[in-house]
Asker: 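Would you mind keeping the following structure in view while I ask a few things?
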Amino acid sequence: MPTSAAARRPRTVAAVPAGPKREAILRAATDVFASRGFFNAQVADVARLAGVAAGTVYLYFRSKDDLLVSIFERTMSEALAEGQRAVADVRDPAERLRRLARLHLARLGRDRNLAVVFQVELRQSTKFMERFSSTLLRDYLGLIRAVIADGQAAGLFRASLKPTAAAKMFFGALDEMATNWILSRRRYSLEADADAVVDLFVNGARGR
């Protein structure tokens, strides 16, 4: 029997306002993905930890993939907004980089499961990485790029530096520090690594 047009249409999620239940589901998804791994986790695991029925999860999210995307989008949106506020009234480019670095590492350092999802689980799929690289991550890199360009205009950084490439290198250094923090058996403040990254980036490794 032929499938009806209505049945062929992809299911959409009804417009459900954000609230405590949605936040509880996202929190549970972060914890489940970090502990079990994204590909091994089930929506039922998330629902159980959130204290809701599995069907309730689908009122807010289309799928397990949508949960991962939502974790990324919420966290990056918050990081971008927080970063913009933190540097808005700061003129010194080096200090602006320092504030961005501290915020970046502090956010991951105070939530280890979120750090695991960002540094490990999001990297398991090329599909996810391609999508993320073209959206909020691009805007976040643009925030860093603008600081570097201002540093060039102020004479702090050499004019031959490519701001986009430099922004990616700066982000990459922070990214690596976060990954090392996750893998280390030691327990230490991730935010404390920010100054070392900024100092090396601004001053270089050459002896004085």
Side-chain angles (χ1 to χ4, degrees), residues 18 22-43 45-50 57 61 64-87 96-144 147 167-201:
R22 185 179 191 276
E23 290 304 307
I25 293 170
L26 280 178
R27 178 69 258 173
T30 302
D31 294 340
V32 169
F33 294 163
S35 63
R36 296 178 60 88
F38 174 74
F39 291 108
N40 292 327
Q42 302 293 326
V43 170
D45 300 326
V46 175
R48 190 177 305 110
L49 187 59
V57 175
F61 305 97
K64 187 173 72 169
D65 285 6
D66 193 28
L67 279 166
L68 185 62
V69 169
S70 296
I71 292 169
F72 174 84
E73 290 181 342
R74 183 189 65 173
T75 305
M76 287 303 300
S77 294
E78 291 175 352
L80 185 60
E82 188 177 26
Q84 290 169 336
R85 290 193 299 270
V87 302
R96 287 161 69 190
L97 285 177
R98 196 174 306 279
R99 291 196 180 191
L100 290 176
R102 287 176 176 170
L103 286 173
H104 183 102
L105 296 186
R107 176 176 292 276
L108 296 177
R110 64 176 174 260
D111 190 340
R112 187 176 182 82
N113 283 349
L114 179 64
V116 170
V117 171
F118 259 66
Q119 303 302 126
V120 180
E121 297 307 318
L122 281 168
R123 317 299 172 94
Q124 302 297 315
S125 169
T126 302
K127 175 186 69 175
F128 285 130
M129 291 303 296
E130 288 177 347
R131 175 174 178 176
F132 297 152
S133 295
S134 65
T135 55
L136 289 165
L137 180 57
R138 178 192 58 199
D139 296 338
Y140 190 72
L141 289 171
L143 180 63
I144 300 172
V147 177
K168 292 177 181 178
M169 293 176 192
F170 185 76
F171 177 86
L174 297 174
D175 196 58
E176 183 63 19
M177 300 307 279
T179 299
N180 286 336
W181 178 76
I182 290 171
L183 298 177
S184 176
R185 294 183 178 181
R186 294 189 301 114
R187 289 294 174 262
Y188 59 93
S189 169
L190 178 57
E191 184 181 357
D193 285 337
D195 288 350
V197 172
V198 175
D199 290 341
L200 182 61
F201 188 83

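Note that this is a predicted model, so its numbers are computed, not measured.
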Asker: For residues Leu174 and Leu105, report the shortest heavy-atom separation together with the two atoms involved.
Answerer: O-CD2, 3.6 Å
Asker: Within the side chain of Thr75, is there an N or O that forms a donor-acceptor pair under 3.5 Å with the backbone of Phe72?
Answerer: no
Asker: Quick one: which residue pairs count as a side chain to side chain donor-acceptor pair (under 3.5 Å) with a foot in residues 182-199, not counting sequence neighbours?
Answerer: Arg98-Asp195, Arg98-Asp199, Arg102-Asp195
Asker: CZ/Phe170 to CG/Leu200 distance, rounded to the nearest 0.5 angstrom?
Answerer: 10.5 Å
Asker: Mind telling me whether Tyr140 and His104 have parallel, tilted or perpendicular rings, with 30° and 60° as the class edges?
Answerer: tilted
Asker: Provide the closest heavy-atom pair for Val117 versus Thr30 in the form atom of the first, atom of the second, distance.
Answerer: CG2-O, 3.6 Å
Asker: Could you tell me the separation between the CG atom of Asp66 and the CD atom of Glu73, rounded to the nearest 0.5 Å?
Answerer: 8.0 Å
Asker: Quick one: OG on Ser35 to CG on Asp45, what's the gap to the nearest 0.5 Å?
Answerer: 8.0 Å
Asker: Please give me the minimum heavy-atom distance between Leu190 and Trp181, naming the atom from each residue.
Answerer: CD1-CB, 3.6 Å
Asker: Whether the side chain of Lys64 engages the backbone of Phe38 through a donor-acceptor N/O pair (distance < 3.5 Å, no angle test) should be reported.
Answerer: yes
Asker: Using 4.0 Å as the upper bound for N to carboxylate O, is an ion pair formed by Arg107 and Asp111?
Answerer: no
Asker: If you compare all heavy atoms of Asp175 against all heavy atoms of Arg123, which two are closest, and at what distance to 0.1 Å?
Answerer: OD1-NH2, 2.8 Å
Asker: Can you name the nearest heavy-atom pair linking Ala178 to Gln119, along with the distance?
Answerer: CB-CD, 3.8 Å
Asker: Going from CG on Leu143 to CG on Leu97, what distance comes out if it is rounded to the nearest 0.5 angstrom?
Answerer: 9.5 Å
Asker: Got Arg74 and Glu23 here, is their nearest side-chain heavy-atom distance under 4.5 Å?
Answerer: yes
Asker: So, does Arg99 use its side chain to make a donor-acceptor pair with the main chain of Gly83 at under 3.5 Å?
Answerer: no
Asker: If you look at every heavy atom in Ala28 and Val46, which pair is closest and at what distance?
Answerer: CB-O, 3.5 Å
Asker: Would you please test Arg96 and Leu100 for side-chain contact (heavy atoms from CB on, under 4.5 Å) and show each step?
Answerer: CA-CA 6 Å; Arg96 287 161 69 190; Leu100 290 176; 5.6 Å; no
Asker: At what distance, to the nearest 0.5 angstrom, does CG of Asn113 lie from CD of Glu121?
Answerer: 10.5 Å
Asker: CD1 of Ile71 to CZ of Phe33: how many Å apart, nearest 0.5 Å?
Answerer: 5.0 Å
